[in-house]
Amino acid sequence: KKKDINEIEVAEEISKLYREYGSLNKVASFVKLSPEMVRQIKSLNTLENGVKQLYISDVLKGYDIGYRISKLQEKDQIILAKYVTDKNLISEDVRAIAKYKIDNPRTPIEKVISKVIQSKDKKIYVVYLGIGKDTFEKLSGGIKNKDIEKTIRAIFNSVVPYKFITHFELNGRVLILKVLKEGLGKIRNKAKELKVPLRKLGEALTKEYLERNTQ
C-alpha cells in the first residue's frame, strides 16, 4: 500500500542509503533519481530542528526549498522558512534569497528577504521603438552591426540610465526596451520634449544624434 511520507522521512532514508553505499551516484542509481536530486533530498537532514518541524507538520514543502534553506546558518533558516510559509514564496524566490544572503553574509536575513521581494514586485514595461529605413542606413553607413547596437544603446542611455533598463535588444530597425517605471517615465518625457508620439521616439533620437555628429 502507498503510504504518505513527508520530505524529512525521505531524507532520513536517503541518508541511510548514503551511509550504506558511500556515494551519491550509487544511491541515485538505486532509487532511480538524479545525483543532484539525491543531494537536495539528503540536505534536508541538515536543517534546523524548527524548520524540520515545519516539514513534518506539512506546513513547509519542497525539496528544492529545503535545499536552499539548508545553505544558510541555523538562525537564518527558521526566519526564512517561516517567511516562506507566511507569504507562500516559490522555490525561485527562496533560491534568490539564499544566494543573495550567501553573497552578502553581513546583511541581516530580514533585509535580504525585503530586498529580493521588493525587486520581484517591480513592474517591467516593454517599449518597441522603430527607426526609419533612411535614418537607419545613414547611421549604419560602414559601421558593423555590433557597433550600430552600441551606438543606439548609447543614444538611449542618454535618456534612460542603465539602472532603469532591464533588457535592450535591436531587432532589425526595431529597438526593444524593457524598462522599470522610472525608465518609462523618462522615455515619455523625452517624447514630449521632442514633440513626437512615443512610437516615433527612436526615429527622433537617432535623427538628433546624426545632426549633432555629422556637422
Self-check item: ring-ring contact (aromatic ring centres under 6.0 Å, His included): pairs with one or both residues in residues 5-27, sequence neighbours excluded
Solution: Tyr21-Phe30

Quiz item: Among all residues two or more places apart in sequence or in another chain, which pass the salt bridge (Lys or Arg N to Asp or Glu O under 4.0 Å) test with Asp134?
Solution: none

Quiz item: Looking only at heavy atoms, which two atoms of Ser91 and Ile65 are closest? And how far apart?
Solution: CA-CG1, 3.8 Å

Quiz item: Is any side-chain heavy atom of Lys42 less than 4.5 Å from a side-chain heavy atom of Tyr67?
Solution: no

Exercise. With side chain to side chain contact (heavy atoms under 4.5 Å, CB included) as the test, would you mind laying out the steps for Val179 and Thr166 before giving the verdict?
Key: CA-CA 6 Å; Val179 296; Thr166 64; over 6 Å; no

Quiz item: Considering the options Val51, Ile109, Asn49, which one meets the side chain to side chain contact (heavy atoms under 4.5 Å, CB included) requirement together with Gln77?
Solution: Val51

Practice problem: Nearest 0.5 Å please: distance from the NZ atom of Lys71 over to the OG1 atom of Thr46. | Solution: 9.5 Å

Self-check item: For the student: nearest non-hydrogen atoms of Val116 and Ala96, plus distance
Solution: CG1-CB, 3.9 Å

Exercise. Name all pairs fulfilling the side-chain hydrogen bond (donor to acceptor under 3.5 Å, both in side chains) condition that reach into residues 26-39, sequence neighbours left out, sorted by first residue then second.
Key: Glu36-Arg39

Quiz item: Rounded to the nearest 0.5 Å, how far apart are CD of Glu182 and CG of Leu184?
Solution: 10.0 Å

Quiz item: Roughly how far, to the nearest 0.5 Å, is CD of Glu7 from OH of Tyr55?
Solution: 6.0 Å

Self-check item: Point-to-point distance, once rounded to the nearest 0.5 Å, from OH of Tyr100 to CD1 of Ile113
Solution: 12.5 Å

Self-check item: Contact check, side chains of Val174 and Leu129, non-hydrogen atoms, under 4.5 Å
Solution: no

Quiz item: Could you give the distance from CD (Gln73) to CD1 (Ile78), rounded to the nearest 0.5 Å?
Solution: 15.0 Å

Quiz item: Which pair of heavy atoms, one from Ala11 and one from Ile41, lies closest together, and at what distance?
Solution: CB-O, 3.1 Å

Exercise. Check the pair Tyr125, Leu180 against side chain to side chain contact (heavy atoms under 4.5 Å, CB included), reporting the backbone distance first and the verdict last.
Key: CA-CA 6 Å; Tyr125 300 85; Leu180 300 179; over 6 Å; no

Exercise. Give a yes or no on whether Val10 and Val31 share a hydrophobic cluster (residues Ile, Leu, Val, Met, Phe, Trp, Tyr; joining criterion: side-chain heavy atoms under 4.5 Å apart).
Key: yes

Quiz item: When rounded to the nearest 0.5 angstrom, what distance separates CG in Leu47 from CG in Leu54?
Solution: 9.5 Å

Quiz item: Does the side chain of Gln118 pick up a donor-acceptor pair with the side chain of Ser114 at under 3.5 Å?
Solution: yes

Quiz item: In the single-linkage hydrophobic clustering (I, L, V, M, F, W, Y; side-chain heavy atoms under 4.5 Å), do Tyr128 and Leu198 co-cluster?
Solution: no

Exercise. Please list, chain by chain and in numerical order, all residues satisfying side chain to side chain donor-acceptor pair (under 3.5 Å) with Glu74, sequence neighbours excluded.
Key: none

Quiz item: Ignoring hydrogens and geometry, is there a side-chain-to-backbone donor-acceptor pair from Thr135 to Ile131 under 3.5 Å?
Solution: no

Quiz item: Side chains of Leu177 and Ile187: does their closest heavy-atom pair fall under 4.5 Å?
Solution: yes

Quiz item: Under the 3.5 angstrom rule, does the side chain of Asp76 hit a backbone N or O of Leu72 as a donor-acceptor pair?
Solution: no

Exercise. Say whether, by atom type as modelled, one donor and one acceptor occur between the side chain of Lys111 and the main chain of Lys115 under 3.5 angstrom.
Key: no

Self-check item: Side-chain heavy atoms of Ile165 within contact of Asn157, under 4.5 Å
Solution: yes

Quiz item: Does any pair with a residue in residues 43-66 pass salt bridge (charged side-chain N to carboxylate O under 4.0 Å, His left out), and if so which ones, sequence neighbours excluded?
Solution: Asp58-Lys61, Asp64-Arg68, Asp64-Arg95

Quiz item: Which heavy-atom pair separates Ala81 from Leu60 by the least distance, and what is that distance?
Solution: CB-CD2, 4.1 Å

Quiz prompt | hydrophobic_cluster_shared for Ile14 and Ile56, side chain cutoff 4.5 Å | solution = yes

Self-check item: Residue pair Lys207, Glu203: steps toward the salt bridge (Lys or Arg N to Asp or Glu O under 4.0 Å) verdict
Solution: CA-CA 6 Å; Lys207 278 187 174 181; Glu203 169 77 1; 3.5 Å; yes

Quiz item: Given side chains that start at C-beta, do those of Phe136 and Thr206 come closer than 4.5 Å, heavy atoms only?
Solution: no

Exercise. Report yes if the side chains of Leu205 and Leu194 come closer than 4.5 Å at any heavy-atom pair, otherwise no.
Key: yes

Exercise. Using a 4.5 Å cut-off on heavy atoms from C-beta on, say whether the side chain of Ile152 contacts that of Ile148.
Key: yes

Quiz item: Does the side chain of Lys190 come within less than 4.5 Å of Leu201's, by heavy atoms?
Solution: yes

Quiz item: side chain to side chain donor-acceptor pair (under 3.5 Å) with Lys186: which residues, sequence neighbours excluded?
Solution: none

Quiz prompt | Criterion salt bridge (Lys or Arg N to Asp or Glu O under 4.0 Å) on Arg212 and Glu208, from CA distance to verdict | solution = CA-CA 6 Å; Arg212 288 199 310 266; Glu208 188 180 63; 3.6 Å; yes

Quiz prompt | Nearest heavy atoms of Lys82 and Thr85, plus distance in Å | solution = O-OG1, 2.8 Å

Quiz item: Side-chain heavy atoms under 4.5 angstrom apart, residues restricted to Ile, Leu, Val, Met, Phe, Trp, Tyr: same cluster for Val127 and Ile176?
Solution: no

Self-check item: Same apolar cluster (I L V M F W Y, side chains within < 4.5 Å links), Leu170/Val126
Solution: no

Quiz item: Counting only N and O atoms by type, is there a donor-acceptor contact under 3.5 Å from the side chain of Asp93 to the main-chain atoms of Leu89?
Solution: no

